[in-house]
Amino acid sequence: NAGVTQTPKFQVLKTGQSMTLQCAQDMNHEYMSWYRQDPGMGLRLIHYSVGAGITDQGEVPNGYNVSRSTTEDFPLRLLSAAPSQTSVYFCASSPLSGNTEAFFGQGTRLTVV
Amino acid sequence: AQSVSQHNHHVILSEAASLELGCNYSYGGTVNLFWYVQYPGQHLQLLLKYFSGDPLVKGIKGFEAEFIKSKFSFNLRKPSVQWSDTAEYFCAVMPYGNNRLAFGKGNQVVVIP
């Protein structure tokens with residue numbers, strides 16, 4: 001019963017490098033999303049998806065790309081990392097229904113130097 | 001888009017003191033409401049949630065929250081805190097049928113033994 005799994009847990013990148021944060025869920029949830037957490041800012045929505053093949057921008061999408069080729073996976077790509085992207089990233093999933101709650105992964109702590 | 005306000009970002013208490021954290025949201029429709037807790041170095045955990053029914057909701061670890069629809073508020077309370085309640089607390093709002101979860105900026109709570 002894995003729930004939402006994020007990899008890696010920690011990552012250090014150099015400015016300009018690219019990488020993909022992985023997120024997988026095994027609950028057959030239609031909705032998946034990515035948040036970043038910064039001190040004093042709470043969690044801010046980066047991108048979200050309501051199902052395979054459908055993605056949309058959240059509050060802070062610049063510098064990030066996503067795709068949703070399967071129900072289970074929702075990777076987040078940083079094409080050219082910047083120090084401003086140093087943050088903790090959380091992936092979440094939830095079923096598409098009226099009364100629903102989000103299930104969160106354990107987070108990825110990313111440092112861009 | 002909905003917004004969530006949490007006041008008094010930093011709260012310092014002594015053990016056995018009572019805790020109340022305010023949360024107000026701006027959204028005119030039906031909402032699902034949540035409080036999450038993040039202990040130092042850990043991921044988000046759900047403290048409690050409100051979907052409908054009794055506006056006084058009880059969660060884990062002795063926490064409770066009250067939904068006051070007329071005030072667009074969902075305040076968190078604990079009658080007597082412990083040192084282990086030192087954490088950051090986030091209020092979050094999800095419009096019914098939307099799945100987009102919006103977070104407040106959090107309350108950093110420090111309990112002094």
Side-chain angles (χ1 to χ4, degrees), chain A residues 2-10 21 23 25 27 29-51 54-61 68 71 74 87-109, chain B residues 1-11 21 23-25 29-54 57 59-60 65 67 74 87-109:
Chain A
V4 180
T5 303
Q6 289 184 236
T7 55
K9 287 188 169 53
F10 301 94
L21 307 186
C23 176
Q25 53 94 8
M27 297 173 281
H29 288 166
E30 301 94 337
Y31 188 91
M32 296 185 73
S33 53
W34 278 101
Y35 291 85
R36 60 177 289 172
Q37 183 186 15
D38 302 292
M41 301 295 291
L43 281 80
R44 293 179 292 170
L45 182 65
I46 305 172
H47 284 285
Y48 65 95
S49 168
V50 297
I54 306 169
T55 64
D56 207 345
Q57 296 180 349
E59 184 184 352
V60 287
R68 184 96 180 269
T71 299
F74 191 45
S87 188
V88 180
Y89 291 85
F90 287 98
C91 179
S93 75
S94 57
L96 279 177
S97 67
N99 288 333
T100 185
E101 66 176 272
F103 295 82
F104 283 85
Q106 301 222 347
T108 296
R109 184 173 293 275
Chain B
Q2 67 273 24
S3 66
V4 184
S5 298
Q6 291 181 245
H7 317 294
N8 303 323
H9 183 64
H10 291 97
V11 178
L21 301 178
C23 174
N24 289 89
Y25 64 92
T30 302
V31 293
N32 296 330
L33 297 159
F34 307 87
W35 276 96
Y36 289 87
V37 60
Q38 187 177 36
Y39 298 104
Q42 296 193 25
H43 60 284
L44 289 169
Q45 297 179 39
L46 182 66
L47 262 184
L48 47 78
K49 61 189 177 188
Y50 173 79
F51 291 159
S52 63
D54 188 344
V57 180
I60 61 171
F67 170 50
F74 189 55
E88 191 155 19
Y89 294 80
F90 295 96
C91 180
V93 176
M94 181 190 288
Y96 181 86
N98 180 300
N99 285 72
R100 279 186 68 155
L101 190 61
F103 284 84
K105 294 186 176 181
N107 295 106
Q108 186 71 55
V109 174

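Within every chain, numbering begins at 1; the chains are lettered A, B, ... in the order of the sequence lines, protein sequences first and strands thereafter.
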Please step through side-chain contact (heavy atoms from CB on, under 4.5 Å) for the pair Q106(A) and L44(B), ending with a clear verdict.
CA-CA 7 Å; Q106(A) 301 222 347; L44(B) 289 169; over 6 Å; no
Segment of [X] engaging chain B (4.5 angstrom heavy-atom cut-off):
| X | answer |
| --- | --- |
| E30(A) | neither |
| L43(A) | both |
| S97(A) | backbone |
| P95(A) | backbone |

Are the aromatic rings of F90(B) and F34(B) close, with centres under 6.0 Å apart?
no
Centroid-to-centroid, F74(A) to Y48(A), below 6.0 Å?
no
I'd like to check the ring pair (Phe, Tyr, Trp, His ring centres under 6.0 Å) partners of H29(A); sequence neighbours left out, ordered by chain and number.
F103(A)
Write down the atom of E88(B), the atom of Q37(A), and the distance for their closest heavy-atom approach.
OE1-NE2, 4.3 Å
If I measure from the heavy atoms of chain A, does Q38(B) come under 4.5 Å with its side chain, its backbone, both, or neither?
side chain
Assess whether atom CZ of R109(A) is packed by more than 12 heavy atoms of other residues, nucleotides or ligands within 6.0 Å.
no
Is any residue of residues 46-54 of chain B within less than 4.5 Å of chain A by heavy atoms, and which ones?
L46(B), K49(B), F51(B)
Per-residue contacts, residues 87-94 of chain A versus chain B, heavy atoms under 4.5 Å:
F90(A), S94(A)
Strictly distance-based, threshold 3.5 Å: is any side-chain N or O of Y35(A) a donor or acceptor partner for the main-chain N or O of A102(B)?
no
So [Y] and [X], do their side chains get closer than 4.5 Å, heavy atoms only?
| X | Y | result |
| --- | --- | --- |
| N99(A) | N32(B) | yes |
| M32(A) | V50(A) | no |
| V57(B) | F67(B) | no |
| V4(A) | C23(A) | yes |

Test of understanding: with side-chain contact (heavy atoms from CB on, under 4.5 Å), list the residues that count as partners of Q42(B), not counting sequence neighbours.
Y39(B), Q45(B)
